[in-house]
Every structure is written in C-alpha cells, then in structure tokens.
Amino acid sequence: MGNRLQGKATIVTGGSGGIGLATAQLFHGEGASVAIVDLDRAAVAEAAREVGDGALGIAADLSREEEAERAVRETVDRFGRLDVLVNAAAIRVYGPVTEATRESWERIVDVNLLGTAAMCKYAIPMMARNGGASVVNVSSSNASVGRGGMAQYDATKGAMLSLTRALACDHAAEGIRVNALSPGPTLTPFHVRRRMMETGEPFEAAEAALRAVGARTLLGRQAEPIEVARALLFLASDEASYITAIDLPVDGGLIGVRG
C-alpha cells in the first residue's frame with residue numbers, strides 16, 4: 001500500500017465486484033476516499049465494508065441520468081471534492097445482431113455508453129474545480145478484436161473509445177485527463193457464476209474451465225482483477241500526468257497477436 005492517491009476523492013462505478021471492486025480496494029489502499037456506485041443496494045453496502053473505513057456506497061441505476069447526477073452529488077457532499085472517476089459499470093447482452101431487439105440495444109446502450117456519458121457530464125464540472133483530474137473509462141479488448149455472439153456489448157465498448165477521445169479534447173484545457181483502458185479476458189466471480197448457471201458445474205470446475213480461455217492470449221492465461229486495477233491506478237494517478245486520450249490494453253497481448 002502506498003500514497004499515490006493520497007487526498008484524492010474517487011468514484012468507481014461497477015465497484016461492487018470484479019475489476020471495479022479490486023480497483024476500489026486498491027485506490028483506498030493508496031490513500032483515496034472512495035465512492036462505490038453500483039445497481040444492487042446490498043452488494044454496494046457489502047463492497048463498501050470490504051473496501052474499508054470511510055468508503056461510501058451509492059446504489060444507483062446509471063441508465064437514468066438523474067441517478068448519475070445524484071451519485072456525483074452525494075460523493076462531493078461527502079468528500080468535498082472529486083478528483084478521479086473510473087467508469088467500470090457495464091452490462092452484457094449475448095447473441096448475434098440477428099437476435100437483437102430494439103429493447104436489448106436500448107438497455108445496453110443506456111448503461112454502457114449513456115451511463116458513462118452521464119457520469120462524465122456531472123463529474124467533470126466538479127473535477128474542473130481542482131485544476132487537475134483523471135477520468136478512466138473501462139472499455140474492452142473486444143472493442144478492437146472481433147468475436148462472435150457479443151455484438152451489442154462490443155459495439156458499446158467501441159463507442160466508449162470514441163467518447164474517451166472526444167472528452168479528452170473537450171476538457172484538456174481544464175486540466176482533466178481522459179483515458180480508456182481495455183481489459184482482455186479477466187477471471188471474475190461474475191464469469192464463474194454465469195458458467196455455473198449454464199453448465200451446472202461446481203465452482204472449482206467452472207473456474208478451471210474459464211482459466212483455459214486465457215490460452216488465446218500471448219501470456220496464455222486470464223488476468224486477475226487486481227492486475228487490471230493496477231493499470232487503472234496508474235492512469236488515475238499523477239504518475240500518468242502527461243497521458244491523455246489513449247486506450248491502454250491490459251490484455252495479455254491479445255490485441256498484439258490478433259488485432
């Protein structure tokens with residue numbers, strides 16, 4: 001543990017599990033005040049307890065703009081400032097475009113793209129007061145590397161990269177850096193639970209099967225959430241003070257060998 005975010009107030013959306021929770025825990029350990037924003041009230045409360053003293057849990061549906069505004073307001077009310085926003089909240093819709101519906105498109109765009117945009121809309125004016133701040137949008141390696149059955153999810157993640165670059169251009173003069181980070185295959189409890197539901201396998205078997213998916217990366221394994229969180233910490237911190245408008249792949253070489 002260190003002090004790379006000492007004195008900074010941060011928001012992590014999607015912070016109740018997986019990459020988001022690992023990021024919230026790491027930020028707290030580096031001296032940040034942390035607000036965890038996610039949909040499920042009980043999961044948010046438990047995540048705040050796991051993160052530790054002073055962590056703020058906010059249950060919010062980010063598909064509703066007013067909920068994003070409330071999340072930012074409650075964070076600033078508690079901590080008095082806002083320095084870092086990590087947009088990690090996302091939902092998934094499975095299947096090819098030929099099976100998609102207007103409702104499924106609207107649902108995933110509302111959360112993954114418009115939810116991210118709404119958080120930025122309300123966070124950036126608060127961040128600009130401090131003369132320097134960082135936004136990191138969690139995209140996906142599959143915004144750049146094609147695959148089957150995930151068209152709607154991957155389309156929103158590709159759009160997030162364009163949003164990131166535009167935000168970086170719009171707010172550089174305010175001292176706000178905006179970057180994206182694109183994880184590759186990452187083993188999270190969400191993925192294990194989903195496989196268990198699909199196959200009926202016990203936890204250990206489902207986890208082992210999912211680990212094998214990482215063989216398609218250059219490093220031959222999936223990431224652990226903390227490995228992605230460490231890269232998010234770098235982009236959020238002053239160590240990345242001359243970096244903006246980039247997409248940082250954290251994917252075990254997936255884009256390098258398949259992109």
Side-chain angles (χ1 to χ4, degrees), residues 1-15 18-37 47-48 51-56 58 68 71-89 116-117 119-139 160-161 163-183 186 223-251:
M1 299 300 180
N3 60 0
R4 284 181 283 179
L5 295 178
Q6 191 68 43
K8 296 186 183 293
T10 67
I11 294 176
V12 181
T13 73
I19 291 170
L21 178 57
T23 300
Q25 291 172 317
L26 183 61
F27 281 15
H28 186 267
E30 290 288 338
S33 301
V34 179
I36 298 162
V37 180
V51 168
D53 291 345
L56 173 63
I58 302 172
V72 171
R73 185 176 66 252
E74 289 185 10
T75 300
V76 175
D77 287 347
R78 168 70 73 87
F79 301 137
R81 59 186 293 137
L82 182 58
D83 303 280
V84 175
L85 169 64
V86 174
N87 286 305
T116 294
M119 287 299 299
C120 291
K121 175 180 178 177
Y122 294 104
I124 285 174
M126 299 296 102
M127 302 166 89
R129 297 175 178 178
N130 305 324
S134 174
V135 176
V136 190
N137 297 322
V138 179
S139 180
M160 187 179 286
L161 298 182
L163 175 65
T164 297
R165 290 189 290 268
L167 287 166
C169 292
D170 285 341
H171 300 288
E174 298 166 86
I176 297 172
R177 299 180 297 105
V178 188
N179 292 293
L181 182 145
S182 289
T186 305
E224 299 294 335
I226 187 61
E227 294 179 292
V228 180
R230 292 182 188 124
L232 286 165
L233 171 62
F234 168 68
L235 289 176
S237 75
D238 292 339
E239 293 176 2
S241 58
Y242 199 57
I243 298 174
T244 195
I246 71 158
D247 173 33
L248 176 62
V250 183
D251 63 0

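Values below: all heavy atoms of this structure, side chains included; hydrogens, waters and symmetry mates excluded.
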Can you name the nearest heavy-atom pair linking [X] to [Y], along with the distance?
X	Y	result
Thr13	Ala89	OG1-N, 3.0 Å
Ala229	Thr23	CB-OG1, 3.5 Å
Ala9	Leu82	O-CD1, 3.6 Å
Ala223	Val228	CB-CG2, 4.3 Å
Val34	Phe79	O-CZ, 3.7 Å

Under 3.5 Å, side chain of [X] to main-chain N/O of [Y], donor-acceptor pair present?
X	Y	answer
Arg177	Ala240	yes
Glu227	Glu224	yes
Glu30	Arg4	yes
Glu239	Phe234	no
Ser134	Leu235	yes
Glu174	Ala128	no

Taking the side chain as everything from C-beta on, heavy atoms only, tell me whether [X] gets closer than 4.5 Å to [Y].
X	Y	value
Ser182	Asp251	no
Thr116	Lys121	no
Asn87	Cys120	yes
Asn179	Val135	no
Phe27	Val51	no
Ile11	Leu56	no
Leu232	Ile19	yes
Thr244	Ile246	no

field: Given Val136, Asn137, Leu181, the one that forms side chain to side chain contact (heavy atoms under 4.5 Å, CB included) with Thr164
entry: Asn137

- request: Only counting residues at least two apart or in another chain, list the ones meeting salt bridge (Lys or Arg N to Asp or Glu O under 4.0 Å) with Arg81.
  value: Asp83

- request: Tell me, please, which residues at least two apart from Asp170 pass salt bridge (Lys or Arg N to Asp or Glu O under 4.0 Å).
  value: none

task: Check step by step if side chain to side chain contact (heavy atoms under 4.5 Å, CB included) holds for Val86 and Val138.
output: CA-CA 7 Å; Val86 174; Val138 179; 4.1 Å; yes

field: Candidate pair Ile124 and Leu85, rule side chain to side chain contact (heavy atoms under 4.5 Å, CB included), full reasoning
entry: CA-CA 9 Å; Ile124 285 174; Leu85 169 64; over 6 Å; no

Atom pair NZ/CG of Lys8 and Asn130 - distance to nearest 0.5 Å: 8.0 Å

From CA spacing to verdict: side chain to side chain contact (heavy atoms under 4.5 Å, CB included), Thr75, Asp77: CA-CA 5 Å; Thr75 300; Asp77 287 347; over 6 Å; no

query: Between His28 and Gln25, does any side-chain donor sit less than 3.5 Å from a side-chain acceptor?
result: no

message: Is it true that, when you exclude Asp53 itself, more than 12 heavy atoms of the residues, nucleotides or ligands shown sit nearer than 6.0 Å to its CG?
response: no

